[in-house]
Amino acid sequence: MPETYVHKFDTPTFKGEISVPLGLYIDGKWVDGSSGNKIDVINPSNGKLITKITEGSPKDVDLAVAAAQKAFDTTWGLHKNGFERARLLQKLGDLMEQNADKLAALEALDNGKTFNWARTTDIDHSIRCIQYYAGWADKILGQTIETSEAKLVYVRHEPIGVVAQIIPWNFPLQMMAWKIGPALATGCSVILKPSEFTPLTALFVAQLIHEAGFPAGSFNLINGYGHVVGQVLAEHNGIEKIAFTGSTLVGRKIMEASSKSNLKKVTLELGGKSPSIVFDDADLEQAVKWAAFGIYYNHGQCCCAGSRIFVHEKIYDQFMQRFTEHTKSLKVGDPFDPEVYQGPQVSQQQYDRILSYIKSGKEEGATIVTGGEPLGQEGYYIQPTIFTDVKPSMKIVREEIFGPVCVVIKFKDDDDIVAMANDTIYGLAASVFSQNVTRALSTAHKIRAGTVWVNTANMLYPQVPFGGYKQSGIGRELGEYALANYTAVKAVQVNLHLNLS
Ligand code: NDP
């Protein structure tokens with residue numbers, strides 16, 4: 001029987017004890033992994049061990065696939081009607097709501113985001129996402145299609161079957177909600193692999209899924225390393241669909257594994273190098289604040305982070321002065337301090353990666369306006385950093401840094417800016433700041449990205465689709481669009497009176 005970890009919090013923003021199961025959740029039970037191996041879970045605020053979770057193995061994946069298939073064939077899928085699936089998801093949303101502070105505390109401990117941001121964005125958004133998909137569960141509708149008087153033709157949207165979902169560490173609970181919401185609403189059986197950097201909220205919510213009464217095997221959770229558990233999931237012949245959020249590099253591996261195995265359906269939500277475009281007629285104060293939110297929210301660890309900020313030459317100096325002041329005012333420190341805006345980066349690996357990008361920016365001749373250094377004696381803290389004097393060929397302009405680091409670039413006219421903004425392999429998101437609606441919207445329409453924000457940034461809603469153009473991904477998450485990822489379309493043709501002679 002796997003152990004449970006109890007963490008005692010005594011912080012300015014949260015006090016109390018939280019228990020988290022450390023095993024694998026397969027077929028409605030908490031189990032030990034077959035390998036007996038464990039994975040360290042590290043606190044990014046100080047680099048120290050929090051606890052150890054069970055590491056899954058290929059054998060555990062086989063067990064989870066078998067359990068998921070059994071549920072799909074007996075108690076889940078088409079055997080549990082939409083109204084009952086809706087009630088289960090509603091119950092899960094209610095349980096998450098009752099435990100919202102605990103979930104925020106676990107997210108702050110494990111990921112390093114601040115308790116306040118986690119509580120008001122990640123956790124609230126995740127609850128709303130589950131509740132939103134509860135609303136869809138009994139509204140998965142097909143069509144009847146007119147062909148001839150002699151026939152009845154109708155189309156069913158059936159759950160696709162057993163699905164694997166691999167999620168990253170930047171929004172651990174939110175990514176879980178985005179994935180399991182539409183999958184469970186449509187009746188698919190799920191095998192979830194959280195990132196081993198941030199497994200705690202997913203483990204906690206698995207308990208809530210159990211408590212809500214989902215049938216055994218309809219939801220399974222396997223922690224483990226990407227190159228082992230992730231790869232086996234991507235190659236598995238018993239899995240009909242895989243959904244992945246993470247790097248473009250791993251996204252390619254998943255597609256390759258699918259093509260070499262059973263051609264499972266693949267949706268990918270990958271990286272970005274999103275532009276924020278500030279025109280000379282923007283509300284400058286608001287543009288500064290939103291552009292800062294665009295890059296520094298979640299410590300820059302957002303796939304849609306506005307990491308390339310383009311500012312019209314007429315307002316460039318004013319923008320830079322205010323943006324630099326704003327950046328310097330952001331307090332970096334303990335995620336449980338209510339005054340703190342930015343906690344540590346998630347891991348030693350990401351910390352090293354971001355600092356190596358900063359080093360490369362300096363070496364390639366860019367100018368640091370503020371930041372550019374690590375902070376403190378322990379933990380993975382990095383100063384919010386602004387680069388100017390950059391060239392389009394520089395690594396910091398082209399590659400996703402995934403940290404609190406932006407480049408600010410001057411532009412002259414509206415035609416140039418569209419070409420500059422689109423000069424990237426990515427196409428996830430963009431922000432446009434202008435008080436002229438024609439200028440803002442005509443620019444928004446020319447940007448090759450799945451989301452364009454006008455006079456705002458980084459705002460996501462469960463009902464609004466999200467996903468990428470170009471190498472930012474395949475498919476859309478959220479909204480009604482996500483349901484299509486988890487349903488197969490079946491046309492049934494009934495002959496009423498068309499007789500062969
Ligand atoms: P990865 O893409 O490597 O990891 C994301 C998830 O995929 C993790 O659960 C990981 O497990 C898993 N994974 C890794 N290899 C495989 C594989 N062969 N098959 C299946 N799953 C696999 O991201 P990193 O954490 O390494 O971050 C690197 C960069 O990726 C970031 O700097 C950022 O640029 C980008 N990224 C983008 C995200 C987004 O939201 N679009 C989210 C996270 C990262 P494991 O951790 O064990 O390797």
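Atoms within a ligand are numbered from 1 in the order they appear, just like the ligands themselves. Quick note: residue numbers are just sequence positions, from 1.
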Atom of [X], atom of [Y] and distance for their closest heavy-atom approach:
X	Y	result
V229	N223	CG2-O, 4.1 Å
Y351	P374	OH-CB, 3.1 Å
G294	A457	CA-CB, 3.9 Å
T114	G343	CG2-N, 4.3 Å
P44	D110	CD-O, 3.5 Å
K264	H236	NZ-O, 2.9 Å

Hey, is V229 one of the residues with a heavy atom under 4.0 angstrom from ligand 1?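 False for this residue.
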
Mark the output for Q349 as yes if a heavy-atom distance to ligand 1 is under 4.0 Å, and as no if none is.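 Under 4.0 Å: yes for Q349.
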
Would you check if the side chain of K70 reaches a backbone N or O of G217 as a donor-acceptor pair within less than 3.5 Å?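 No, because the side chain of K70 does not come within donor-acceptor range (under 3.5 Å) of the backbone of G217.
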
So, does T13 use its side chain to make a donor-acceptor pair with the main chain of F336 at under 3.5 Å?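 Present.
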
Nearest non-hydrogen protein atom, [atom]:
atom	answer
atom 41 (N) of ligand 1	L270 O, 2.9 Å
atom 20 (C) of ligand 1	G230 C, 3.2 Å
atom 29 (C) of ligand 1	R353 NH2, 3.8 Å
atom 17 (C) of ligand 1	G226 O, 3.3 Å
atom 38 (C) of ligand 1	F402 CZ, 3.4 Å
atom 35 (C) of ligand 1	E400 OE1, 3.6 Å
atom 28 (C) of ligand 1	Q350 OE1, 3.8 Å
atom 43 (C) of ligand 1	P168 CB, 3.5 Å

Looking at Y297 versus W117, is the centre-to-centre ring distance below 6.0 Å?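 Yes.
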
Looking at Y486 versus W136, is the centre-to-centre ring distance below 6.0 Å?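 Between Y486 and W136, the centre distance exceeds or equals 6.0 Å.
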
Would K48 and N46 count as having a side-chain donor-acceptor pair, cut-off 3.5 Å?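 Note: K48 and N46 side chains miss the donor-acceptor criterion.
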
Could you check whether T267 and K241, counting side-chain N and O atoms only, form a donor-acceptor pair closer than 3.5 Å?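 Note: K241 and T267 side chains meet the donor-acceptor criterion.
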
Just going by heavy-atom distances, which of [options] is nearest to [atom]?
atom	options	result
atom 36 (N) of ligand 1	G246, G300, G468, G224	G246
atom 8 (C) of ligand 1	I167, V232, V250	I167
atom 5 (C) of ligand 1	Y426, F244, Y225	F244
atom 23 (O) of ligand 1	G251, S247, G271, S472	S247

What part of [X] sits under 4.0 Å from ligand 1 if we count only heavy atoms: the side chain, the backbone, both or neither?
X	result
Q231	both
M175	neither
I254	side chain
W169	side chain
L249	neither

If the plane angle is over 60° it's perpendicular, under 30° parallel, otherwise tilted; pick one for W169 and F197.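 Judged by the thresholds at 30° and 60°, the geometry between W169 and F197 is perpendicular.
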
If you count the atoms of ligand 1 from 1 in the order shown, which ones are under 4.0 Å from a heavy atom of [X]?
X	value
I166	6 (C), 7 (O), 9 (O), 12 (C), 20 (C), 21 (N)
K253	18 (N)
E196	11 (O), 45 (P), 46 (O), 47 (O)

Ion pair check, E55 and K52, cut-off under 4.0 Å: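 So E55 does not pair with K52 through a salt bridge.
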
Please determine whether a side-chain nitrogen of the Lys or Arg among R308 and E400 lies less than 4.0 Å from a carboxylate oxygen of the Asp or Glu.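 Salt bridge absent between R308 and E400.
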
Say whether [X], considering both its backbone and side-chain N or O atoms, lies within less than 3.5 Å of an N or O atom on ligand 1.
X	value
N170	yes
S195	no
K193	yes

